[in-house]
Amino acid sequence: MSNFEDFDLDPTLLKAIEKLGYLRPTSIQLEAIPVAMAGSDVLGSAPTGTGKTVAFLLPAIQYLLDHPRRQAEGARVLILTPTRELAMQVAKQASALAQFTHLKIATITGGVSYECHVEIFNQRQDIVVATPGRLLQYIKQENFDCHAVEMLIFDEADRMLEMGFGQDAERIAAETRWRRQSLLFSATLEGELLQSFVNRLLDNPVNIASQPSRRERKKIHQWYYHSDSKEHKIKQLARFIQSENVERGIIFVRRREDAQTLSDILRKRGIRSAYIQGGMNQTQRNHAIAHLKNGVVTTLVATDVAARGIDIEDLSHVMNYDLPYSAEVYTHRIGRTARAGKKGIAVSFVEAHDYKLLGKIKRYTQEFLKARILTGLEPRTKPPKEGEIKKQTKKAKAARKAKLAENRKKAQKKVKLRHNVRKNKGKAIKDPHQRA
(Lines give C-alpha, C1' and ligand atoms only; values in the text may rest on other atoms or scores of the structure.)
Protein backbone atom coordinates (compact mmCIF):
# COMPACT_ATOMS: atom_id res chain seq x y z
CA MET A 1 0.00 0.00 0.00
CA SER A 2 1.29 3.45 -0.90
CA ASN A 3 -1.87 5.58 -0.94
CA PHE A 4 -4.72 6.22 1.49
CA GLU A 5 -7.16 4.94 -1.15
CA ASP A 6 -5.69 1.45 -0.65
CA PHE A 7 -7.13 1.29 2.89
CA ASP A 8 -10.72 1.11 1.58
CA LEU A 9 -11.70 4.23 3.53
CA ASP A 10 -15.04 6.01 3.30
CA PRO A 11 -15.18 8.69 0.55
CA THR A 12 -15.80 11.37 3.21
CA LEU A 13 -12.52 10.43 4.89
CA LEU A 14 -10.60 10.44 1.62
CA LYS A 15 -12.04 13.87 0.86
CA ALA A 16 -10.83 15.18 4.24
CA ILE A 17 -7.38 13.61 3.75
CA GLU A 18 -7.06 15.31 0.37
CA LYS A 19 -8.12 18.66 1.83
CA LEU A 20 -5.57 18.30 4.64
CA GLY A 21 -2.86 17.71 2.07
CA TYR A 22 -1.77 14.24 3.20
CA LEU A 23 -0.11 12.72 0.15
CA ARG A 24 0.83 9.21 1.34
CA PRO A 25 0.70 7.19 4.59
CA THR A 26 3.65 7.22 6.98
CA SER A 27 5.31 4.02 8.21
CA ILE A 28 3.20 3.72 11.38
CA GLN A 29 0.02 4.41 9.41
CA LEU A 30 0.85 1.76 6.81
CA GLU A 31 1.32 -0.87 9.52
CA ALA A 32 -1.31 0.10 12.11
CA ILE A 33 -4.35 1.14 10.06
CA PRO A 34 -5.08 -2.23 8.36
CA VAL A 35 -4.65 -4.14 11.63
CA ALA A 36 -6.89 -1.75 13.57
CA MET A 37 -9.54 -1.78 10.83
CA ALA A 38 -9.53 -5.60 11.03
CA GLY A 39 -10.68 -5.31 14.66
CA SER A 40 -7.52 -6.48 16.48
CA ASP A 41 -6.11 -4.82 19.57
CA VAL A 42 -3.00 -2.82 18.64
CA LEU A 43 0.15 -2.06 20.62
CA GLY A 44 1.90 0.59 18.53
CA SER A 45 5.17 2.43 18.90
CA ALA A 46 6.65 5.24 16.78
CA PRO A 47 8.50 8.50 17.45
CA THR A 48 6.63 11.78 17.85
CA GLY A 49 5.73 13.51 14.62
CA THR A 50 5.40 10.35 12.51
CA GLY A 51 1.61 10.33 12.22
CA LYS A 52 0.49 8.21 15.21
CA THR A 53 -2.64 10.30 15.73
CA VAL A 54 -3.92 9.69 12.21
CA ALA A 55 -2.95 6.01 12.59
CA PHE A 56 -5.58 5.49 15.28
CA LEU A 57 -8.13 8.15 14.27
CA LEU A 58 -8.77 6.82 10.76
CA PRO A 59 -9.70 3.28 11.93
CA ALA A 60 -11.83 4.75 14.74
CA ILE A 61 -13.80 7.06 12.44
CA GLN A 62 -14.13 4.37 9.77
CA TYR A 63 -15.57 1.98 12.37
CA LEU A 64 -18.20 4.55 13.41
CA LEU A 65 -19.17 5.09 9.78
CA ASP A 66 -19.38 1.34 9.08
CA HIS A 67 -21.46 0.62 12.19
CA PRO A 68 -24.24 3.18 12.67
CA ARG A 69 -25.21 4.08 16.23
CA ARG A 70 -27.74 1.84 17.98
CA GLN A 71 -28.03 3.80 21.22
CA ALA A 72 -29.21 7.37 21.46
CA GLU A 73 -26.47 8.62 23.77
CA GLY A 74 -22.94 7.92 24.99
CA ALA A 75 -19.51 8.17 23.43
CA ARG A 76 -18.56 5.16 21.30
CA VAL A 77 -14.85 5.98 21.00
CA LEU A 78 -12.91 7.15 24.04
CA ILE A 79 -9.35 8.46 23.66
CA LEU A 80 -7.20 9.05 26.75
CA THR A 81 -4.21 11.42 26.64
CA PRO A 82 -1.81 12.48 29.42
CA THR A 83 -2.18 16.25 28.99
CA ARG A 84 -4.81 18.82 28.17
CA GLU A 85 -2.77 20.20 25.26
CA LEU A 86 -2.49 16.78 23.66
CA ALA A 87 -6.22 16.13 24.14
CA MET A 88 -7.04 19.38 22.34
CA GLN A 89 -4.58 18.52 19.57
CA VAL A 90 -6.10 15.05 19.05
CA ALA A 91 -9.65 16.42 19.10
CA LYS A 92 -8.69 19.06 16.52
CA GLN A 93 -7.20 16.36 14.29
CA ALA A 94 -10.31 14.18 14.70
CA SER A 95 -12.59 17.10 13.77
CA ALA A 96 -10.52 17.78 10.67
CA LEU A 97 -10.72 14.15 9.52
CA ALA A 98 -14.45 13.90 10.31
CA GLN A 99 -15.37 17.31 8.84
CA PHE A 100 -17.48 15.79 6.05
CA THR A 101 -19.29 13.31 8.34
CA HIS A 102 -22.10 13.60 10.89
CA LEU A 103 -19.80 12.61 13.79
CA LYS A 104 -19.44 14.79 16.88
CA ILE A 105 -16.16 15.16 18.81
CA ALA A 106 -15.69 16.58 22.31
CA THR A 107 -12.90 17.04 24.88
CA ILE A 108 -13.00 16.55 28.65
CA THR A 109 -9.93 17.89 30.45
CA GLY A 110 -8.79 19.59 33.60
CA GLY A 111 -8.53 23.37 33.77
CA VAL A 112 -12.13 23.72 32.53
CA SER A 113 -15.15 24.33 34.75
CA TYR A 114 -17.97 21.80 35.08
CA GLU A 115 -20.40 24.22 33.39
CA CYS A 116 -18.35 24.02 30.19
CA HIS A 117 -18.73 20.23 30.14
CA VAL A 118 -22.48 20.09 30.88
CA GLU A 119 -23.26 20.50 27.18
CA ILE A 120 -21.11 17.43 26.41
CA PHE A 121 -23.05 15.34 28.93
CA ASN A 122 -26.43 16.50 27.64
CA GLN A 123 -25.73 15.93 23.94
CA ARG A 124 -24.79 12.93 21.83
CA GLN A 125 -21.04 12.57 21.31
CA ASP A 126 -19.36 10.00 19.08
CA ILE A 127 -15.71 10.56 20.02
CA VAL A 128 -14.54 11.92 23.36
CA VAL A 129 -10.90 12.84 23.97
CA ALA A 130 -10.10 13.15 27.67
CA THR A 131 -7.42 13.33 30.32
CA PRO A 132 -7.77 10.48 32.86
CA GLY A 133 -8.03 12.52 36.09
CA ARG A 134 -10.93 14.76 35.11
CA LEU A 135 -12.81 12.00 33.25
CA LEU A 136 -12.59 9.66 36.25
CA GLN A 137 -13.98 12.42 38.45
CA TYR A 138 -17.02 12.71 36.19
CA ILE A 139 -17.43 8.93 36.05
CA LYS A 140 -17.53 8.76 39.86
CA GLN A 141 -20.10 11.57 39.90
CA GLU A 142 -22.14 9.59 37.32
CA ASN A 143 -21.94 12.47 34.83
CA PHE A 144 -20.19 10.35 32.19
CA ASP A 145 -21.46 6.91 31.18
CA CYS A 146 -18.93 4.42 29.78
CA HIS A 147 -21.43 1.72 28.77
CA ALA A 148 -21.56 2.82 25.13
CA VAL A 149 -17.75 2.86 24.63
CA GLU A 150 -16.80 0.34 21.94
CA MET A 151 -13.20 1.44 21.29
CA LEU A 152 -10.72 2.62 23.93
CA ILE A 153 -7.50 4.32 22.78
CA PHE A 154 -4.48 5.25 24.89
CA ASP A 155 -2.29 7.92 23.29
CA GLU A 156 1.28 8.41 24.59
CA ALA A 157 0.77 5.74 27.24
CA ASP A 158 4.41 5.96 28.37
CA ARG A 159 3.93 9.60 29.38
CA MET A 160 0.62 8.76 31.01
CA LEU A 161 2.40 6.31 33.30
CA GLU A 162 5.31 8.71 33.91
CA MET A 163 2.85 11.37 35.06
CA GLY A 164 1.16 8.99 37.49
CA PHE A 165 -2.12 8.44 35.60
CA GLY A 166 -1.76 4.66 35.35
CA GLN A 167 -4.28 3.78 38.06
CA ASP A 168 -6.82 6.31 36.78
CA ALA A 169 -6.48 4.89 33.26
CA GLU A 170 -7.00 1.34 34.55
CA ARG A 171 -10.13 2.36 36.47
CA ILE A 172 -11.53 3.96 33.33
CA ALA A 173 -10.67 0.82 31.36
CA ALA A 174 -12.60 -1.24 33.92
CA GLU A 175 -15.62 1.02 33.40
CA THR A 176 -15.41 0.35 29.63
CA ARG A 177 -15.15 -3.44 30.00
CA TRP A 178 -17.85 -3.96 27.33
CA ARG A 179 -15.64 -2.48 24.61
CA ARG A 180 -14.78 -4.53 21.51
CA GLN A 181 -11.30 -3.12 20.81
CA SER A 182 -8.37 -1.37 22.51
CA LEU A 183 -5.49 0.52 20.90
CA LEU A 184 -2.40 1.69 22.77
CA PHE A 185 0.27 3.94 21.29
CA SER A 186 3.54 4.85 22.95
CA ALA A 187 6.87 6.37 21.93
CA THR A 188 8.58 3.30 23.39
CA LEU A 189 7.41 -0.16 24.40
CA GLU A 190 10.19 -0.71 26.94
CA GLY A 191 9.91 -0.95 30.72
CA GLU A 192 8.21 -3.37 33.10
CA LEU A 193 5.62 -0.79 34.15
CA LEU A 194 4.38 -0.29 30.59
CA GLN A 195 4.44 -4.01 29.80
CA SER A 196 2.44 -4.80 32.92
CA PHE A 197 -0.05 -2.07 31.99
CA VAL A 198 -0.39 -3.51 28.46
CA ASN A 199 -0.88 -7.07 29.71
CA ARG A 200 -3.78 -6.00 31.90
CA LEU A 201 -5.60 -3.82 29.37
CA LEU A 202 -5.06 -5.31 25.91
CA ASP A 203 -6.32 -8.62 24.56
CA ASN A 204 -3.70 -10.45 22.48
CA PRO A 205 -2.54 -7.25 20.74
CA VAL A 206 -0.67 -7.02 17.47
CA ASN A 207 2.70 -5.45 18.28
CA ILE A 208 3.76 -2.73 15.83
CA ALA A 209 7.12 -1.05 16.46
CA SER A 210 7.52 1.27 13.51
CA GLN A 211 10.50 3.41 12.68
CA PRO A 212 10.10 6.31 10.25
CA SER A 213 11.38 5.63 6.75
CA ARG A 214 14.48 7.39 5.49
CA ARG A 215 12.24 9.67 3.44
CA GLU A 216 10.35 10.72 6.58
CA ARG A 217 13.53 11.23 8.62
CA LYS A 218 15.05 13.46 5.94
CA LYS A 219 12.33 16.03 6.57
CA ILE A 220 14.21 17.14 9.68
CA HIS A 221 17.69 18.58 9.07
CA GLN A 222 19.81 18.03 12.18
CA TRP A 223 23.21 19.35 13.25
CA TYR A 224 24.97 20.70 16.34
CA TYR A 225 27.37 23.41 17.52
CA HIS A 226 30.26 22.83 19.90
CA SER A 227 30.04 25.30 22.80
CA ASP A 228 32.96 26.33 25.03
CA SER A 229 30.79 27.41 27.96
CA LYS A 230 27.31 28.52 28.99
CA GLU A 231 28.07 32.10 27.95
CA HIS A 232 29.35 30.95 24.57
CA LYS A 233 26.26 28.81 24.11
CA ILE A 234 23.93 31.76 24.74
CA LYS A 235 25.78 33.85 22.14
CA GLN A 236 25.57 30.97 19.64
CA LEU A 237 21.85 30.51 20.25
CA ALA A 238 21.09 34.22 19.79
CA ARG A 239 23.22 34.41 16.64
CA PHE A 240 21.57 31.29 15.20
CA ILE A 241 18.05 32.68 15.77
CA GLN A 242 18.97 35.98 14.11
CA SER A 243 20.95 34.53 11.19
CA GLU A 244 18.27 31.91 10.45
CA ASN A 245 15.47 34.49 10.74
CA VAL A 246 13.56 32.12 13.01
CA GLU A 247 9.90 33.17 13.01
CA ARG A 248 8.45 30.24 14.92
CA GLY A 249 10.79 28.09 16.99
CA ILE A 250 10.91 26.27 20.31
CA ILE A 251 13.97 26.14 22.59
CA PHE A 252 14.29 23.26 25.05
CA VAL A 253 15.95 23.51 28.46
CA ARG A 254 16.23 20.86 31.18
CA ARG A 255 15.34 22.83 34.30
CA ARG A 256 12.21 24.89 34.87
CA GLU A 257 14.16 27.76 36.49
CA ASP A 258 16.23 28.12 33.29
CA ALA A 259 13.18 28.71 31.07
CA GLN A 260 12.40 32.22 32.29
CA THR A 261 16.09 33.14 32.71
CA LEU A 262 16.95 32.22 29.12
CA SER A 263 13.82 33.90 27.76
CA ASP A 264 14.76 37.13 29.57
CA ILE A 265 18.32 36.98 28.18
CA LEU A 266 17.02 36.55 24.63
CA ARG A 267 14.64 39.50 25.02
CA LYS A 268 17.55 41.68 26.14
CA ARG A 269 19.30 40.67 22.91
CA GLY A 270 16.34 41.86 20.85
CA ILE A 271 14.71 38.45 20.29
CA ARG A 272 10.98 38.28 20.96
CA SER A 273 10.63 35.36 23.33
CA ALA A 274 8.18 33.78 25.79
CA TYR A 275 8.52 30.77 28.07
CA ILE A 276 6.52 27.93 29.60
CA GLN A 277 7.43 25.60 32.45
CA GLY A 278 5.70 23.08 34.67
CA GLY A 279 5.04 25.49 37.54
CA MET A 280 2.87 27.83 35.45
CA ASN A 281 -0.91 27.71 35.52
CA GLN A 282 -2.83 26.72 32.41
CA THR A 283 -3.89 30.26 31.50
CA GLN A 284 -0.29 31.52 31.49
CA ARG A 285 0.85 28.59 29.38
CA ASN A 286 -1.99 29.11 26.89
CA HIS A 287 -1.09 32.80 26.54
CA ALA A 288 2.58 32.01 25.87
CA ILE A 289 1.71 29.37 23.25
CA ALA A 290 -0.84 31.72 21.63
CA HIS A 291 1.82 34.45 21.40
CA LEU A 292 4.05 32.09 19.40
CA LYS A 293 1.21 30.95 17.16
CA ASN A 294 0.09 34.53 16.49
CA GLY A 295 3.58 35.87 15.81
CA VAL A 296 3.77 38.09 18.91
CA VAL A 297 6.98 36.21 19.79
CA THR A 298 9.30 34.22 17.54
CA THR A 299 10.67 31.75 20.10
CA LEU A 300 9.24 29.80 23.00
CA VAL A 301 11.56 28.48 25.72
CA ALA A 302 10.16 25.33 27.30
CA THR A 303 10.92 22.36 29.51
CA ASP A 304 10.03 18.88 28.30
CA VAL A 305 7.20 18.54 30.84
CA ALA A 306 5.61 21.84 29.82
CA ALA A 307 5.91 21.09 26.09
CA ARG A 308 4.11 17.73 26.20
CA GLY A 309 1.29 17.60 23.71
CA ILE A 310 2.01 21.01 22.15
CA ASP A 311 1.26 21.07 18.44
CA ILE A 312 2.16 24.33 16.71
CA GLU A 313 1.64 24.57 12.97
CA ASP A 314 4.61 25.63 10.84
CA LEU A 315 7.10 25.28 13.69
CA SER A 316 10.27 25.66 11.65
CA HIS A 317 13.01 25.21 14.26
CA VAL A 318 13.67 23.12 17.35
CA MET A 319 16.71 24.25 19.37
CA ASN A 320 18.19 22.10 22.11
CA TYR A 321 19.84 24.61 24.43
CA ASP A 322 20.28 21.64 26.78
CA LEU A 323 20.54 18.12 25.44
CA PRO A 324 18.05 15.75 27.09
CA TYR A 325 19.31 12.85 29.22
CA SER A 326 17.23 10.41 27.14
CA ALA A 327 17.59 9.81 23.41
CA GLU A 328 13.85 9.08 23.23
CA VAL A 329 13.12 12.55 24.61
CA TYR A 330 15.32 13.97 21.86
CA THR A 331 13.12 12.35 19.21
CA HIS A 332 10.03 13.76 20.97
CA ARG A 333 11.56 17.22 20.88
CA ILE A 334 12.58 17.31 17.24
CA GLY A 335 9.25 15.75 16.28
CA ARG A 336 7.62 19.11 17.02
CA THR A 337 8.85 20.32 13.64
CA ALA A 338 8.47 18.89 10.12
CA ARG A 339 4.82 17.98 10.64
CA ALA A 340 2.22 17.33 7.95
CA GLY A 341 4.83 16.64 5.28
CA LYS A 342 6.78 19.87 5.83
CA LYS A 343 10.51 20.21 6.48
CA GLY A 344 12.12 21.44 9.67
CA ILE A 345 15.44 22.13 11.38
CA ALA A 346 16.68 20.75 14.70
CA VAL A 347 19.95 22.03 16.19
CA SER A 348 21.73 21.33 19.48
CA PHE A 349 24.32 23.28 21.46
CA VAL A 350 26.79 20.84 22.96
CA GLU A 351 29.31 21.50 25.71
CA ALA A 352 32.17 19.09 26.46
CA HIS A 353 30.22 17.29 29.20
CA ASP A 354 27.30 16.67 26.78
CA TYR A 355 29.16 14.48 24.28
CA LYS A 356 28.20 11.27 26.06
CA LEU A 357 24.54 12.24 25.60
CA LEU A 358 25.19 13.20 21.97
CA GLY A 359 26.66 9.73 21.38
CA LYS A 360 23.54 8.08 22.81
CA ILE A 361 21.34 10.21 20.55
CA LYS A 362 23.37 9.31 17.46
CA ARG A 363 23.17 5.59 18.25
CA TYR A 364 19.44 5.71 18.98
CA THR A 365 18.43 7.77 15.94
CA GLN A 366 21.04 6.20 13.64
CA GLU A 367 21.61 9.66 12.24
CA PHE A 368 24.95 11.27 11.44
CA LEU A 369 24.81 14.64 13.20
CA LYS A 370 27.42 16.97 11.76
CA ALA A 371 29.08 19.80 13.70
CA ARG A 372 28.79 23.31 12.27
CA ILE A 373 30.42 26.64 13.15
CA LEU A 374 28.93 30.12 13.40
CA THR A 375 31.25 32.72 11.87
CA GLY A 376 32.68 34.99 14.56
CA LEU A 377 31.71 32.55 17.33
CA GLU A 378 34.16 29.77 16.58
CA PRO A 379 34.84 27.56 19.64
CA ARG A 380 38.26 27.91 21.27
CA THR A 381 38.16 24.41 22.74
CA LYS A 382 38.08 21.10 20.93
CA PRO A 383 35.44 18.37 21.43
CA PRO A 384 36.59 15.52 23.71
CA LYS A 385 37.97 12.48 21.94
CA GLU A 386 36.19 9.12 22.08
CA GLY A 387 38.73 7.77 24.58
CA GLU A 388 38.26 10.77 26.88
CA ILE A 389 34.49 10.35 26.80
CA LYS A 390 34.87 6.67 27.79
CA LYS A 391 37.21 7.64 30.65
CA GLN A 392 34.71 10.25 31.86
CA THR A 393 31.93 7.65 31.67
CA LYS A 394 33.98 5.13 33.67
CA LYS A 395 34.82 7.77 36.30
CA ALA A 396 31.17 8.77 36.55
CA LYS A 397 30.09 5.12 36.94
CA ALA A 398 32.77 4.53 39.60
CA ALA A 399 31.65 7.65 41.45
CA ARG A 400 28.01 6.50 41.35
CA LYS A 401 28.96 3.03 42.63
CA ALA A 402 31.00 4.56 45.46
CA LYS A 403 28.10 6.83 46.37
CA LEU A 404 25.66 3.91 46.38
CA ALA A 405 27.99 1.85 48.56
CA GLU A 406 28.32 4.75 50.98
CA ASN A 407 24.54 5.19 51.12
CA ARG A 408 24.09 1.44 51.79
CA LYS A 409 26.59 1.59 54.69
CA LYS A 410 24.76 4.57 56.17
CA ALA A 411 21.44 2.76 55.83
CA GLN A 412 22.86 -0.37 57.51
CA LYS A 413 24.21 1.72 60.41
CA LYS A 414 20.79 3.31 60.87
CA VAL A 415 19.10 -0.09 60.90
CA LYS A 416 21.66 -1.43 63.40
CA LEU A 417 21.20 1.63 65.60
CA ARG A 418 17.41 1.25 65.56
CA HIS A 419 17.83 -2.45 66.41
CA ASN A 420 20.05 -1.62 69.40
CA VAL A 421 17.63 1.02 70.61
CA ARG A 422 14.76 -1.49 70.54
CA LYS A 423 16.96 -4.15 72.21
CA ASN A 424 17.91 -1.86 75.10
CA LYS A 425 14.50 -0.30 75.46
CA GLY A 426 13.43 -0.27 79.13
CA LYS A 427 16.91 -1.15 80.42
CA ALA A 428 18.84 1.13 82.71
CA ILE A 429 21.79 2.70 80.94
CA LYS A 430 24.97 2.34 82.89
CA ASP A 431 27.11 5.37 83.42
CA PRO A 432 30.62 4.42 82.26
CA HIS A 433 32.07 6.75 84.95
CA GLN A 434 30.02 5.16 87.75
CA ARG A 435 32.01 2.84 90.00
CA ALA A 436 30.88 -0.74 90.34
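Owing to the predicted nature of the structure, the values given are computational and were not obtained by experimental measurement. Computed over heavy atoms, backbone and side chain alike; hydrogens, waters and symmetry mates excluded.
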Student: I would like to know whether Tyr22 and Gln29 meet side chain to side chain donor-acceptor pair (under 3.5 Å); could you show each step before the answer?
Tutor: CA-CA 12 Å; Tyr22 298 157; Gln29 291 164 6; over 6 Å; no
Student: Looking at Arg179 and Ala173, would you say the former's side chain and the latter's main chain have a donor-acceptor pair under 3.5 Å?
Tutor: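 Judged by distance alone, yes, a pair lies under 3.5 Å.
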Student: Quick one: CG on Leu14 to CZ on Phe4, what's the gap to the nearest 0.5 Å?
Tutor: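 The CZ atom of Phe4 is 9.5 Å from CG of Leu14, to the nearest 0.5 Å.
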Student: Can you spot which of Lys230, Lys356, Lys233 makes a salt bridge (charged side-chain N to carboxylate O under 4.0 Å, His left out) with Glu351?
Tutor: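 The residue from Lys230, Lys356, Lys233 that satisfies salt bridge (charged side-chain N to carboxylate O under 4.0 Å, His left out) with Glu351 turns out to be Lys233.
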Student: To the nearest 0.5 Å, what is the distance between CG on Leu9 and CD1 on Ile61?
Tutor: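 Output value for this atom pair is 10.0 Å.
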Student: Locate the shortest heavy-atom distance separating Ala169 from Met160; write the atom from each residue and the value.
Tutor: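 Smallest heavy-atom distance, with atoms named: CB-SD, 4.0 Å.
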Student: Listing request: all salt bridge (charged side-chain N to carboxylate O under 4.0 Å, His left out) pairs with a residue in residues 193-205, at least two apart in sequence or in separate chains.
Tutor: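 Listed once each, the pairs are Glu170-Arg200.
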Student: Tell me whether Asp228 contacts the main-chain N or O of Arg380 through its side chain, where contact means a donor paired with an acceptor under 3.5 Å.
Tutor: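 Such a contact is found between Asp228 side chain and Arg380 backbone.
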Student: Using modelled atom types and a 3.5 Å cut-off, is there a donor and acceptor pairing between side-chain atoms of Gln99 and backbone atoms of Ala96?
Tutor: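 Answer holds: yes.
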Student: I'd like to know whether Thr81 forms a side chain to side chain donor-acceptor pair (under 3.5 Å) with Asp155, so could you lay out the CA-CA distance, the side-chain angles of the two residues, the decisive distance to 0.1 Å, and finally the verdict.
Tutor: CA-CA 5 Å; Thr81 70; Asp155 189 18; over 6 Å; no
Student: Using a strict threshold of under 4.0 Å (side-chain N to carboxylate O), is an ion pair present between Asp354 and Arg254?
Tutor: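 Salt bridge between Arg254 and Asp354, a charged N being under 4.0 Å from a carboxylate O: yes.
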Student: Does Asn3 offer a backbone N or O that forms a donor-acceptor pair with the side chain of Asp6 under 3.5 Å?
Tutor: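 Indeed, once roles are kept as given, a pair shorter than 3.5 Å links the two residues.
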Student: Check Glu150 with Arg180, please: is the shortest side-chain N to carboxylate O separation under 4.0 Å?
Tutor: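 No.
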Student: Indicate yes or no for a side-chain donor-acceptor contact from Thr299 to the backbone of Gly249 under 3.5 Å, with no hydrogens or angles considered.
Tutor: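 No, because the side chain of Thr299 does not come within donor-acceptor range (under 3.5 Å) of the backbone of Gly249.
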Student: Is a side-chain N or O of His232 found less than 3.5 angstrom from the main chain of Leu377, in a donor-acceptor match?
Tutor: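 Between the backbone of Leu377 and the side chain of His232 there is a qualifying donor-acceptor contact (under 3.5 Å).
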Student: Is it true that the side chains of Arg159 and His332 contain a donor and an acceptor less than 3.5 Å apart?
Tutor: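 Note: Arg159 and His332 side chains meet the donor-acceptor criterion.
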Student: In Å, rounded to the nearest 0.5 Å, how long is the span from CD of Gln260 to CD1 of Ile265?
Tutor: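 Taking CD in Gln260 and CD1 in Ile265, the distance rounds to 11.0 Å.
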Student: Is it the case that more than 12 heavy atoms not belonging to Glu5 sit under 6.0 Å from its CD atom?
Tutor: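 Yes, because the 6.0 Å sphere around CD of Glu5 holds more than 12 heavy atoms from other groups.
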Student: If the plane angle is over 60° it's perpendicular, under 30° parallel, otherwise tilted; pick one for His287 and His291.
Tutor: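 The rings of His287 and His291 lie parallel, inter-plane angle below 30°.
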Student: Quick one: does any side-chain atom of Asp126 pair with a main-chain N or O of Lys104 as donor and acceptor, under 3.5 Å?
Tutor: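 Yes; at least one donor-acceptor contact below 3.5 Å.
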Student: Just by modelled atom types, is the Ala36 backbone N or O under 3.5 Å from a matching donor or acceptor in the Gln181 side chain?
Tutor: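 At least one qualifying donor-acceptor pair exists.
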Student: Specify the closest pair of heavy atoms between Thr131 and Gly110, including all atoms of both residues, with the distance to one decimal.
Tutor: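 Heavy-atom minimum between the residues: OG1-N, 3.6 Å.
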Student: State which residue, out of Phe185, Phe165, Phe197, fulfils the ring pair (Phe, Tyr, Trp, His ring centres under 6.0 Å) condition with Phe154.
Tutor: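 It is Phe197, the one option of Phe185, Phe165, Phe197 that forms the ring pair (Phe, Tyr, Trp, His ring centres under 6.0 Å) with Phe154.
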Student: Is the ring pair Tyr355/His226 parallel, tilted or perpendicular, if the boundaries are 30 and 60 degrees?
Tutor: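 Ring orientation, 0 to 90° scale: tilted.
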Student: Give a yes or no answer on whether the side chain of Asp10 reaches the backbone of Thr12 with a donor-acceptor pair at less than 3.5 Å.
Tutor: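 Between the backbone of Thr12 and the side chain of Asp10 there is a qualifying donor-acceptor contact (under 3.5 Å).
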Student: Can you tell me if Ser186 uses its side chain to pair, donor with acceptor, with the backbone of Ser45 under 3.5 Å?
Tutor: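 Here the side-chain-to-backbone pair does not exist.
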